[in-house]
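The analysis underlying the following values was restricted to heavy atoms, covering all of them including side chains, and did not include hydrogens, waters or symmetry mates. All values derive from a computational prediction rather than experimental measurement. Atoms within each ligand, like the ligands themselves, are counted from 1 in listed order.
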Amino acid sequence: MNLNGLKQVKSLLPEHCQLIVVSKTRPLNQIMDLYNAGERNFAENRVQNLIERKENLPEDIRWHLIGHLQTNKVKYVVPFVHLIHSLDSIKLAEEIEKQSIKNGRVVNCLIQVHVAAEETKFGLGVDEIDQFIEEFLLKKLTHIQLCGVMGMATNTRNTEHIRNDFRKIYQTFLHLKNNYFKHNDLFSSISMGMSSDYKIAIEEGSTMVRIGSLLFE
Ligand SMILES: *Cc1c(COP(=O)(O)O)cnc(C)c1O
């Protein structure tokens, strides 16, 4: 595998923005190439893949879950996951809390925000965020650390549309930060940007880009 994609991404990444390598279905040896090049943050969108990869790859990898999480699978990821990017319901939060207590962990989560035009994508609409966060805070869940938001732009070639989607995600982050997390330094992450749109995401304030295909080509 050549590492040109990695070099390109790294050269464009501001200091405040972290690269999350999306390994998905890639073979272990290719993932190891990126590990050996210094990468330590890897993400999967399916729980089954996340578990398999964790078992077969070095211990010091920080594993991120970026896909939809069903409540019945929470117990498999909570023991080791570094960051869940896809928190989008109170029911899911309660199950993460329950499993985190069992494991004696505090689990980091991002609230998934839905701004894209596609209806199939998961996440909370901008108009649902306040109700979610108020209910979440009322429950006083002590084993979940909310760290920010995650979102995806519409899958389109219209860069202004993409930019506008990222702005909505950024604005949602700011709204939450200013209204609920002003004094919580841990609420600081904006996970947005993939291979096709990460440059725009960085311009619009991303602190975490989730990149797959570009790195494995
Ligand atoms: C697959 C995936 C990515 C990475 O997409 P690429 O186009 O391969 O960079 C990022 N985020 C999520 C949620 C994904 O499912």
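- Residues lining ligand 1 at a heavy-atom distance below 4.0 Å are given as Val22, Lys24, Ile66, Met152, Met194, Ser195, Arg210, Ile211, Gly212, Ser213, ordered by chain and residue number.
- Contact of the Thr207 side chain with the Gln18 side chain is not registered, since no non-hydrogen atoms from C-beta on lie closer than 4.5 Å.
- Between the side chains of Thr156 and His161, no donor-acceptor pair is found at a separation under 3.5 Å.
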*Would Ser23 and Glu44 satisfy side-chain hydrogen bond (donor to acceptor under 3.5 Å, both in side chains), going step by step from the backbone distance to the final call?*
CA-CA 6 Å; Ser23 39; Glu44 290 290 337; 2.7 Å; yes

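- Annotation: Phe187 is in aromatic contact with Phe173 [ring centroid separation under 6.0 Å].
- Residue Trp63 is tested with Leu57, Ile84, Asn41 for a side-chain contact (heavy atoms from CB on, under 4.5 Å); the sole match is Leu57.
- Atoms CE and CD1, on Met194 and Ile20 in that order, are 14.0 Å from each other to the nearest 0.5 Å.
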